[in-house]
Amino acid sequence: MPDLFVNAMPDQTGSDEPHAEQPYTTNSHARVYPSRPEKIYLYGNCLIDLLQPEAGLDALKLLEREGIEVVFPEQQTCCGQPAYTSGYDDEARTVARMQMDIMSEEWPIVILSGSCGGMMHHHYPSLFKGLPEEQQAKYFASRVFEFTEFLVHILNYQPEDQGNHQTVAVHTSCSARREMNVHKTGWLLIDSLKNVVRKVHDHEFECCGFGGSFCVRYPDISGAMVNDKVKAITDIKPDRLISADYACLMNINGALDFQGYELKGTHIASYLWERTSKQAAGENNA
Amino acid sequence: MPEQIPMQNLSFNQRVDRDLNNPALRTHFREAMDFLMDKRSHSFTDDEKLQSLRELGSSIRKRALSKLPDLLEQLENKLRDNGIRVHWAESSKEANQIVLDIAQHHGAKTMIKGKSMVSEETELNECLEQEGIHPVEADMGEYILQLAKEKPSHIVMPAIHKSKEDIAKLFEQNLDDCEYTEDVDTLIQAARKELRKQFHSADIGLTGVNFMVAETGSLVLVENEGNGRLATTVPKVHIAMTGIEKVTEYLDDLPPLLTLLTNSATGQAITTYVNIISSPRKGGEGGPEEVHLVLLDNGRTIPFADEEMRQTLQCIRCAACMNHCPVYTRLGGHAYGATYPGPIGSILSPHLLGLEATKDLPSASSLCGACSEVCPVKIPITDLLRRLRHEGVRKLKKDEEPVIRGHGAKYTHTEKLAWGSWSKLYSSPALYRTFAFSASMMRGLTPSKMKGWTDYRTTPKPAEKSMHALIKQHRKARKGEPL
């Protein structure tokens with residue numbers, strides 16, 4: 001569409017509104033949730049497994065405290081996303097097939113990452129389209145729930161906050177937001193902690209710049225993105241940074257540390273456990 | 001602001017380096033994109049309505065593409081009945097030659113142009129100038145770029161990378177009686193005065209097209225400055241130039257498409273001008289004596305042949321994807337090195353130019369999905385970026401029909417091997433456990449430098465015990481207790 005004398009625009013941008021959230025929520029697939037299960041699979045993901053294992057353990061403890069029997073398949077490795085987003089479909093399928101095989105019972109699969117959740121819930125069916133595993137992939141995908149989604153929509157989890165007053169910045173991964181459509185469940189959980197105030201940062205809806213292999217293939221573009229994210233978060237001076245995706249946190253934490261900030265992001269599973277278990281909350285407040 | 005014209009011989013990474021490190025450009029694009037995002041979101045306040053409108057827009061475009069050959073034939077017949085001459089061009093070169101032939105037939109010396117990205121794609125101006133025909137861009141953004149000898153950096157707002165100060169200087173140097181001023185209205189008036197002369201003296205008017213209606217044989221053109229209206233009515237000859245995918249079946253398809261286009265692009269309910277051209281002048285009316293339509297393929301039939309890739313052609317060129325793209329916002333349009341930048345450009349340019357020349361475009365994205373989320377016709381841009389990555393690293397099987405030029409342009413034996421090993425490691429629990437255990441054991445040896453990563457971040461260190469190990473330990477400690 002032609003024209004507009006756009007060069008006048010910077011003059012018109014003096015709006016005071018923060019660029020925090022765009023009022024669009026596409027991909028809003030209305031998902032039907034099952035009733036509360038007795039048993040679930042817990043899927044950690046490869047980054048949590050190696051780099052932030054406490055988040056996995058905290059999620060397990062929290063779910064068990066809610067009376068859920070947690071099955072942790074020890075054979076789990078990775079959802080296959082790194083190969084998939086790089087275009088290596090066969091390699092991704094080999095890994096994906098294995099995850100499907102080891103979680104074949106009818107129990108829900110609770111995943112500690114919107115990104116792996118997006119891969120399994122959103123992309124597995126297309127990855128296996130037209131192949132013998134197509135039905136298996138669809139059935140598998142239908143049982144995949146992101147952790148905060150599971151807590152809010154299936155467990156109706158109401159955290160009892162035991163901690164002191166804190167302000168919190170939340171980073172939502174793009175996959176959680178756009179593939180799983182679960183960004184609101186993370187906010188809801190944080191907002192239900194009575195002594196916690198969630199603060200919105202500038203361009204909160206924007207990607208942190210991780211993007212898997214993108215961050216090492218195009219380090220300067222990714223670096224520009226994560227630097228802006230760090231600035232937006234530190235500008236609001238939150239006591240804590242919380243995310244339901246460790247991949248983003250690994251990126252943001254690495255940049256926070258690189259720039260000498262003490263702030264270090266925490267996985268929401270650990271944060272919820274910390275706020276709701278007397279002992280942990282006590283330790284943190286001490 | 002970059003002084004160079006973008007298509008020069010820099011690599012993608014060199015262009016990225018140049019533009020990322022231009023603080024004025026970074027600030028300028030961020031402000032401009034924020035402005036455009038706000039405009040859009042303020043005009044789509046009802047999400048439910050927006051989603052059903054997008055659904056409708058998408059199905060209209062899909063329907064048109066599913067019958068593309070038939071609709072083009074119907075369009076051609078209708079246009080001919082209406083007295084509009086239709087020309088088919090397979091390549092940019094052919095399209096330019098057609099325009100040139102028409103111009104030379106009329107002994108034309110000057111051409112006034114409304115905005116046309118397709119004429120940017122074919123580099124028409126360069127071709128005309130070589131033959132002694134002087135094109136004048138009449139869209140304000142394009143006019144600025146013509147004076148600056150630059151290429152568009154955005155498909156709706158081509159001169160968005162230029163600051164007010166840049167334009168003031170440019171006008172001071174190039175326009176008669178234009179003193180340096182940063183007053184936007186004064187600048188616009190100065191350019192309009194100059195352009196008005198050109199409109200009256202130009203031999204030919206050339207414009208792009210937003211939609212073509214097969215049912216009625218009409219060409220639809222939206223704009224805000226009136227240059228399209230003048231270029232299509234004042235000169236004796238009007239040439240419209242567009243891609244074959246812009247056809248739509250019914251006149252009734254237009255209202256939703258126009259609503260989606262203008263609201264997504266600039267947050268306008270409707271543009272100042274909506275031109276619907278269905279014939280040359282008749283009897284005592286005004287308007288051009290001749291109207292021509294040049295329909296360009298230039299590689300579009302390649303994605304058309306593949307059901308998934310075909311969705312690329314649904315695009316109505318609103319640019320919402322670039323306005324919302326965190327990569328485009330930081331680079332601007334020139335770094336992409338192609339006529340169509342941003343997310344849509346990254347899925348379209350590989351078809352127009354081949355994957356060899358564009359192999360970085362599908363990869364230079366974090367796949368955040370902001371583009372797909374706002375696309376008014378629901379093009380799954382991230383899925384298509386990923387598909388192009390797949391085609392870029394894959395070798396064609398024997399006797400397999402290529403779906404794009406430049407299959408395997410990014411293929412390297414080393415990377416293929418690396419993903420093969422990755423796949424083995426992560427599909428073998430025993431191997432993976434050994435790997436995880438060793439990583440934890442050797443956490444002290446985590447390198448402090450990791451290519452790319454540590455330019456902006458410190459390295460993450462493996463934990464002392466993996467999640468697997470922690471959970472095992474936790475369960476052991478609780479043995480005897482019911483789960």
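What you see below is based on every heavy atom in this structure, not just the backbone, and it leaves out hydrogens, waters and symmetry mates. Below, read A as the first sequence line, B as the second, and so on, with proteins coming before strands; counting in each chain starts at 1.
For the pair Asn323(B) and Arg40(B), the minimum side-chain heavy-atom distance is 4.5 Å or more.
Only the side chain of Leu20(B) comes within contact range of chain A, with heavy atoms under 4.5 Å apart. With a threshold of 4.5 angstrom between heavy atoms, Asp220(A) approaches chain B through its backbone and through its side chain. Only the side chain of Ala439(B) comes within less than 4.5 Å of a heavy atom of chain A; its backbone N, CA, C and O stay farther away. Only the side chain of Leu112(A) has a heavy atom closer than 4.5 Å to any heavy atom of chain B. Heavy atoms of Asn251(A) lying under 4.5 Å from chain B belong to its backbone as well as its side chain. Contact of Ser365(B) with chain A is made through the backbone alone, with heavy-atom distances under 4.5 Å. For Tyr143(B), no part sits under 4.5 Å from any heavy atom of chain A, backbone or side chain. With a 4.5 angstrom heavy-atom cutoff, Cys46(A) touches chain B via backbone and side-chain atoms both. For chain A, the nearby parts of Ile471(B) are the backbone and the side chain; heavy atoms of each come within less than 4.5 Å. With a 4.5 Å cut-off on non-hydrogen atoms, Leu51(A) touches chain B through its backbone and its side chain both. Looking at Ile102(A), neither its backbone nor its side chain comes within 4.5 Å of chain B, counting heavy atoms on both sides. In this structure, chain A has no heavy atom under 4.5 Å from any part of Arg387(B). Proximity to chain A is limited to the side chain of Phe12(B), based on heavy atoms less than 4.5 angstrom apart. For Tyr426(B), the parts lying under 4.5 angstrom from a heavy atom of chain A are both the backbone and the side chain. Residue Arg443(B): no heavy atom, backbone or side chain, is found under 4.5 Å from chain A. Only the side chain of Val226(A) comes within contact range of chain B, judged by heavy atoms closer than 4.5 Å. Residue Leu388(B): no heavy atom, backbone or side chain, is found under 4.5 Å from chain A.
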Could you give me the CA-CA distance, side-chain angles and deciding distance for Tyr84(A) and His123(A), then say whether ring pair (Phe, Tyr, Trp, His ring centres under 6.0 Å) is met?
CA-CA 9 Å; Tyr84(A) 182 70; His123(A) 296 298; 5.2 Å; yes
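A salt bridge between Arg26(B) and Glu31(B) is absent, with no side-chain N of the basic residue lying under 4.0 Å from a carboxylate O of the acidic one. Classification of Arg30(B) and Glu206(A) as a salt-bridged pair holds, one side-chain N sitting under 4.0 Å from a carboxylate O.
With chain B as partner, the option from Asp228(A), Asn227(A), Leu256(A) having the largest number of non-hydrogen pairs under 4.5 angstrom is Asp228(A). Contact tally against chain A (heavy-atom pairs below 4.5 Å) for Glu391(B), Arg433(B), Arg394(B), Glu464(B): the top residue is Arg433(B). Among Gly211(A), Ser175(A), Cys174(A), the residue with the largest count of heavy-atom pairs under 4.5 Å with chain B is Cys174(A). In terms of heavy-atom pairs under 4.5 Å with chain A, the best-connected choice from Met450(B), Lys461(B), Lys416(B) is Lys416(B). The most heavy-atom pairs under 4.5 Å with chain A, out of Asp360(B), Asp455(B), Val16(B), Thr454(B), come from Asp360(B). Among Gln75(A), Glu91(A), Gln52(A), the residue with the largest count of heavy-atom pairs under 4.5 Å with chain B is Glu91(A). Contact count against chain A (heavy-atom pairs under 4.5 Å) is highest for Glu415(B) among Gln473(B), His154(B), Glu415(B). The residue among Pro429(B), Gly452(B), Pro362(B), Ser428(B) with the most heavy atom pairs within less than 4.5 Å of chain A is Pro429(B). Taking Pro82(A), Gly56(A), Gly80(A), Gly44(A) one by one and counting their heavy-atom pairs under 4.5 Å with chain B, the maximum is reached by Pro82(A). When the candidates Asp49(A), Thr77(A), Val216(A) are compared by the number of heavy-atom contacts under 4.5 Å with chain B, Asp49(A) comes out ahead. Heavy-atom pairs under 4.5 Å with chain B peak, among Ser86(A), Ala55(A), Cys215(A), at Ser86(A).
None of Met225(A), Arg178(A), His171(A) except one satisfies the side-chain contact (heavy atoms from CB on, under 4.5 Å) rule with Cys207(A); the exception is Met225(A).
A donor-acceptor contact shorter than 3.5 Å is absent between the side chain of Glu179(A) and the backbone of His122(A). Checking side-chain atoms of Asn253(A) against main-chain N and O of Lys264(A) turns up no donor-acceptor pair under 3.5 Å. Looking at Ser222(A), its side chain never comes within 3.5 Å of a backbone N or O of Tyr218(A) through a donor-acceptor pair.
Atom NZ in Lys113(B) sits 10.0 Å away from atom OG1 in Thr207(B) (nearest 0.5 Å).
Contact detail for Ala269(A) and Leu62(A): the closest heavy-atom pair is O-CD1, 4.4 Å. Here the shortest heavy-atom pairing between Cys79(A) and Gln99(A) reads CA-CG, 4.4 Å. Nearest heavy atoms, Trp422(B) versus Cys78(A): CZ2-SG, 3.7 Å. In plain terms, the two heavy atoms of Ala59(A) and Phe147(A) that are nearest each other are CB-CE1, 3.9 Å.
Ring geometry for His203(A) versus Phe205(A): interplanar angle of 30 to 60°, hence tilted. In this structure, Phe72(A) and His468(B) have perpendicular ring planes: the angle between them is above 60°, well past the 30° mark. Ring geometry, Phe210(A) versus Trp453(B): the interplanar angle exceeds 60°, so the pair is classed perpendicular (tilted spans 30 to 60°).
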